[in-house]
Amino acid sequence: MINTSALSANHIYAVTGATGDLGQAIVRTLANRAESACELRHIVLVGRNRPVLESVGVAAVNSHTRTYIVSDCEATAPADKVTRSIIAKLEDVARVVSGPLRLTLIDCVAFLGDLSKTVDQHSADEVAVYIAANFTFFFTLTAKFLAFAKTIQVERIAVVNISSLLAIQPSAYFGLYSSTKAARDQLFKVVALENKDDPRFKALSYAPGPLDNGMQLQIRTTVGDLEQRKMYQTLHNEDKLVRSDTTAGLMCTLLDEWTFKSGAHIDIYDIISPPS
């Protein structure tokens with residue numbers, strides 16, 4: 001039985017993309033640090049693969065962590081529908097907890113798109129589908145999350161955009177991915193300005209680095225720029241790609257310490273030195 005009187009707060013997290021390597025690492029890190037943070041952590045795992053979500057959720061449960069699942073998140077579903085399911089689950093969890101409450105949204109959802117194409121080769125339909133999945137959903141969920149947070153008593157509100165170096169540094173063949181990541185970063189700067197007078201609120205765009213995961217494999221095997229393929233293949237061969245658990249830990253430390261400037265874009269290599 002948890003001694004709730006010894007806990008500083010209940011903390012509800014929503015983690016989208018929770019079936020991906022980074023999403024799973026973030027869930028693990030949040031759960032493993034719950035006791036040291038003196039929080040009872042409620043983690044809402046969002047994704048499309050329910051069996052994987054259930055497996056990740058079960059593994060994360062401990063004396064200070066509870067997990068919940070939202071799995072009706074098909075890529076083709078309207079953003080409003082998916083968002084309503086996520087917010088409804090957050091409302092359900094918030095309704096049954098007592099004491100000080102904190103809320104954090106961590107959005108890990110992202111797709112690379114077709115990296116073999118230059119900008120002039122993308123069709124209007126392809127762009128529309130990509131933006132709907134990678135920006136419209138992100139914008140809608142951020143908006144509804146903030147609206148929900150303002151309807152209840154909370155002592156801390158955080159929104160986290162999993163960003164990329166490519167949001168601020170262009171690379172050939174990344175037209176869809178880079179432009180959308182840049183738009184997400186800019187949205188968070190706007191949100192930070194709009195909430196600058198609320199001391200409870202912070203927005204963070206965190207670039208986790210070149211991860212050793214499936215997306216990285218897609219980059220180094222399909223990107224149309226041969227020089228980039230060679231660069232990323234070298235990083236892979238020399239074991240210089242970033243482990244998901246490493247970068248998840250650094251991001252969670254930023255959130256725990258709560259000293260970052262709202263609206264900031266922080267890269268992993270702003271925190272640690274890149275490999276030589």
Side-chain angles (χ1 to χ4, degrees), residues 7-18 22-23 25-27 29-31 33-34 36-44 46 83 86-87 90-91 93-94 97 99-110 135 137-165 167-168 180-209 247-272:
L7 300 175
S8 63
N10 284 277
H11 200 147
I12 303 175
Y13 293 86
V15 181
T16 70
L22 180 58
I26 289 171
V27 171
T29 304
L30 292 174
R33 295 188 182 185
S36 62
C38 296
E39 292 182 337
L40 178 55
R41 292 185 166 177
H42 308 264
I43 308 175
V44 177
V46 181
T83 297
I86 298 169
I87 298 302
L90 295 176
E91 290 173 339
V93 177
V97 302
L101 179 61
R102 298 170 181 171
L103 293 175
T104 298
L105 170 64
I106 303 173
D107 200 323
C108 297
V109 173
F135 185 72
F137 168 72
F138 173 81
F139 191 116
T140 305
L141 180 57
T142 300
K144 297 302 182 183
F145 177 83
L146 292 176
F148 160 65
K150 293 174 182 178
T151 66
I152 59 176
Q153 277 197 318
V154 291
E155 62 177 33
R156 181 179 292 184
I157 306 166
V159 289
V160 181
N161 161 38
I162 298 302
S163 185
S164 170
L165 176 63
I168 59 175
T180 303
K181 286 294 188 182
R184 288 168 57 139
D185 272 28
Q186 189 70 359
L187 175 65
F188 265 36
K189 291 177 182 178
V190 171
V191 169
L193 285 174
E194 291 174 345
N195 292 275
K196 63 183 175 62
D197 295 325
D198 187 345
R200 304 171 302 164
F201 174 82
K202 285 191 179 184
L204 171 66
S205 290
Y206 177 74
T247 198
L250 293 168
M251 185 205 73
C252 288
T253 296
L254 289 173
L255 293 174
D256 290 340
E257 293 178 347
W258 203 243
T259 57
F260 63 90
K261 181 181 178 182
S262 186
H265 172 107
I266 299 177
D267 190 277
I268 182 175
Y269 295 131
D270 295 328
I271 304 170
I272 63 173

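Here, residue 1 is the first one in the sequence, and each next residue gets the next number. In this text, all values refer to a predicted model and were calculated from it rather than measured experimentally.
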> Report yes if the side chains of Ile86 and Phe145 come closer than 4.5 Å at any heavy-atom pair, otherwise no.
no

> Is any side-chain heavy atom of Asn161 closer than 4.5 Å to one of Asp107?
no

> Measure the spacing between CD1 of Ile12 and NE2 of His42 and express it to the nearest 0.5 Å.
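So the gap between those two atoms works out to 6.0 Å.
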
> Atom NZ in Lys202, atom OG1 in Thr104: separation rounded to 0.5 Å?
12.0 Å

> Quick check: closest heavy atoms across Ser164 and His265, and the distance to 0.1 Å?
O-CE1, 3.3 Å

> Output, in order, the C-alpha distance, side-chain angles, deciding distance and verdict of side chain to side chain contact (heavy atoms under 4.5 Å, CB included) for Met251 and Ile162.
CA-CA 10 Å; Met251 185 205 73; Ile162 298 302; 3.8 Å; yes

> Output the distance between atom OG1 (Thr83) and atom NZ (Lys144), rounded to the nearest 0.5 Å.
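Separation between the atoms: 8.0 Å.
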
> Could you tell me the separation between the OG atom of Ser262 and the CD atom of Glu194, rounded to the nearest 0.5 Å?
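Ser262 atom OG to Glu194 atom CD measures 11.0 Å (nearest 0.5 Å).
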
> Is Glu155 salt-bridged to Arg102, cutoff N-O under 4.0 Å?
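So Glu155 pairs with Arg102 through a salt bridge.
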
> With a 6.0 Å cut-off (strictly less than), is the heavy-atom count around CZ of Phe260, excluding the residue itself, greater than 12?
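More than 12 heavy atoms, drawn from other residues, nucleotides or ligands, come within 6.0 Å of this atom.
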
> Distance alone, cut at 3.5 Å: any donor-acceptor contact between the side chains of Arg33 and Thr253?
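Yes, because at least one side-chain N or O of Arg33 sits under 3.5 Å from a partner of the opposite role on Thr253.
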
> Is it the case that the side chain of Ser163 and the backbone of Tyr206 share a donor-acceptor pair, with hydrogens and angles ignored and the cut-off at 3.5 Å?
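No, because the side chain of Ser163 does not come within donor-acceptor range (under 3.5 Å) of the backbone of Tyr206.
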
> Which pair of heavy atoms, one from Phe201 and one from Ala192, lies closest together, and at what distance?
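Heavy-atom minimum between the residues: CE2-CA, 4.1 Å.
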
> Considering all heavy atoms of both residues, which atom of Val27 and which atom of Ile43 are nearest to each other, and what is their separation?
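Looking at all heavy atoms of both residues, the closest pair is O-CD1, 4.0 Å.
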
> Is Arg41 reaching over with its side chain to a backbone N or O of Tyr13, donor-acceptor style, under 3.5 angstrom?
no

> Heavy atoms only: give me the nearest Asp267-Ala207 pair and the separation to one decimal.
OD2-CB, 3.4 Å

> Treating Lys189 as the side-chain partner and Ala203 as the backbone partner, does any N or O pair qualify as donor plus acceptor under 3.5 Å?
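No, the answer is negative, given that no donor and acceptor are paired below the 3.5 Å cut-off.
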
> Go through it in stages, so that I can follow the logic: the residues are Ile152 and Leu103, the test is side chain to side chain contact (heavy atoms under 4.5 Å, CB included), and I'd like the CA-CA distance, side-chain angles, deciding distance and then a yes or no.
CA-CA 10 Å; Ile152 59 176; Leu103 293 175; 3.9 Å; yes

> Are Cys108 and Ile26 close enough, and set up right, to give a side chain to side chain contact (heavy atoms under 4.5 Å, CB included), and what steps lead you there?
CA-CA 9 Å; Cys108 297; Ile26 289 171; 3.5 Å; yes

> Of the non-hydrogen atoms in Ile157 and Ala149, which two are nearest, and what is the gap between them?
CD1-CB, 3.8 Å

> So Ile106 and Leu30, do their side chains get closer than 4.5 Å, heavy atoms only?
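Side chain of Leu30 against side chain of Ile106, heavy atoms only: contact under 4.5 Å found.
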
> Looking only at non-hydrogen atoms, find the nearest pair between Val109 and Gly17 and report the distance.
CG2-N, 3.5 Å

> Say you draw a straight line from OG1 of Thr16 to CG of Leu105; how long is it, rounded to the nearest 0.5 Å?
6.5 Å

> Are Leu255 and Arg156 close enough that some pair of their side-chain heavy atoms sits under 4.5 Å apart?
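The answer is no; the side chains never approach within 4.5 Å.
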
> Can you check side chain to side chain contact (heavy atoms under 4.5 Å, CB included) on Leu40 and Asn10, steps first, answer last?
CA-CA 5 Å; Leu40 178 55; Asn10 284 277; 3.3 Å; yes

> Using 0.5 Å steps for rounding, measure from the CG atom of Leu141 to the CD1 atom of Ile87.
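One gets 5.5 Å once the value is rounded to the nearest 0.5 Å.
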
> Taking the six-membered ring for Trp and the single ring otherwise, decide whether the centroids of Phe138 and Phe188 are under 6.0 Å apart.
yes

